[in-house]
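Structure first, commentary second.
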Number of protein chains: 2
Amino acid sequence: MDRRQRKTREAIFRAFIELLSQKDFNQITVGEIIDRADIGRATFYAHFETKDYLLKELCEELFCHLFDSMHKDENHHRHIFDCDAPSSVFLHLFRHLQKNDNNILELLSGSNNELFLRYFKENLRRLVENQLSTFDAEKSAHLPESFRVNHIVSTFVETARWWVDNGLKETPEKITEYFLTVL
Amino acid sequence: MDRRQRKTREAIFRAFIELLSQKDFNQITVGEIIDRADIGRATFYAHFETKDYLLKELCEELFCHLFDSMHKDENHHRHIFDCDAPSSVFLHLFRHLQKNDNNILELLSGSNNELFLRYFKENLRRLVENQLSTFDAEKSAHLPESFRVNHIVSTFVETARWWVDNGLKETPEKITEYFLTVL
DNA sequence: TTATTACAGAACTGATTGTTCAATAAAATT
DNA sequence: AATTTTATTGAACAATCAGTTCTGTAATAA
């Protein structure tokens, strides 16, 4: 990839994330993004078809980073706890959320980020589907699988949002415990 | 209230709901609303400051209708099941959702209705806070109250959305059972 | 060195929002 | 019934924004 392209792309992402931490997605205009990124209008549209695609690609990069670093962390902490336990995956996620790399938290708690939440849930769903059997309680065995997956994913997201909205006061371990208790 | 005012207000709501069943909230323009409602542009802005306020007031009317009719129904069906059971409240809600008065379902399952969901949850939260004690399991007793309330509310909303998205195939009784099982 | 590619910057169209105002029609008041 | 108040109309208006197009220029690759 051309060095110029890379720089422009990063400048756009940086500006976009800064703006996302200040206001809702729908309130942000292309004009604001290009002013802050200090690029030409035509350049923006050469990179992203619309604002929606910009968010989509940003999300994909964030999730790659989130899930990649999760796998690394899993190896690194292998001696601390059992990585095969379903809790470990979520504990890792909560830990990485706490770090707030790339201001992902603003996206989670914000009020007009339906699109972001959809992507987040899509990614989580894949993760949960693979591990579904480890969650099976006798009680929920007769429920449709898609319902169970949806419930786990939704509960994770809502737990994370509650955590963020209340100022991240609990430790990742504690919030994982909350999460597993209600589950 | 002036008969003229009432008529235009209803025409606006009717047009707005019809449009909401066709496309996302953010895609709907004021121009489309006034064309469909067959009123002047200035008239719209005499009634609603912005499109957001229109949605807000629509939601308030829908919730009044939903919760009012729920109370009536509660009396009407008192002989059928125990209304003090926490399940009955939610069963009523699921029943009224199934009727889909005023196309409320489109709002629930749609993709850009963060605003609507916020109002929905606010109303539900009040309901749940009053009945929280009836939900207390020993397991969740040590969790913060706001977390528990949030979890119940979120789970209800997500259950309803799953139900709607999957074509309302289950009966209200069945979906209430699903809901209470995962809870 | 040459050819290719990305960017700047400006101008432009079209859509949309929200406001204003004078004329008209409906409703309320006397 | 006559008068006053109020709501609506319809059109025109400015402002903002999205997305496109173009030319000249600078960076990169061949």
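Numbers restart at 1 for each chain; the letters A, B, ... are given by sequence-line order, proteins then strands. This is a predicted model, so every value here is computed, not measured.
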Numerically ordered, the residues 2-25 of chain A set in heavy-atom contact under 4.0 Å with DNA chain D is A/D2, A/R3, A/R4
Separation of D/dG10 atom P from B/D35 atom CG, nearest Å, is 11 Å
In whole angstroms, the gap separating P of C/dA15 from CD1 of B/I28 amounts to 19 Å
- request: Ignoring hydrogens and angles, tell me if any N or O in the side chain of B/D2 forms a donor-acceptor pair with the backbone of B/R4 under 3.5 Å.
  value: yes
Walking DNA chain D from its 5' end, the first of B/H47 and A/R41 to be reached, judged by nearest nucleotide, is B/H47
| query | Does a side chain donor of either B/N150 or A/R161 reach within less than 3.5 Å of an acceptor in the other side chain? | reply | no
### Message
Considering every strand and a 4.0 Å limit on heavy-atom distances, what is the contact class for A/A46: base, sugar-phosphate, or nothing?
### Response
nothing
B/R95 side-chain N/O to B/P172 backbone N/O, donor-acceptor pair under 3.5 Å: no
To the nearest angstrom, the CG-P distance between B/N26 and D/dC17 comes to 16 Å
Using ring centroids (six-membered ring only for Trp), state whether A/F156 and A/F94 fall under 6.0 Å. yes
Atom CD of B/Q27 and atom P of D/dC17 are separated, to the nearest Å, by 18 Å
Separation of C/dT17 atom P from B/Y53 atom OH, nearest Å, is 17 Å
Rounded to whole Å, CD1 of A/I34 lies from P of D/dC17 at a distance of 11 Å
- Task: Anything under 30° is parallel, anything over 60° is perpendicular, the rest tilted; go ahead and classify B/F179 against B/F90.
- Result: tilted
How about B/F48 and B/F13: are their ring centroids closer than 6.0 Å? yes
From CZ of B/F44 across to C1' of C/dT19 the rounded distance in Å is 14 Å
B/M1 CE to C/dA27 P, in whole Å, measures 14 Å
For a quick check of understanding: with a heavy-atom distance under 4.0 Å over all strands, which category does A/T29 fall into, base, sugar-phosphate or nothing? sugar-phosphate
Picking from D/dA11, D/dT20, C/dT17, the nucleotide nearest the side-chain atoms of A/Y45 would be D/dT20
Review point. Does the A/N123 side chain pair with the main chain of A/Y119, one donor and one acceptor, at a distance under 3.5 Å?
Key: yes
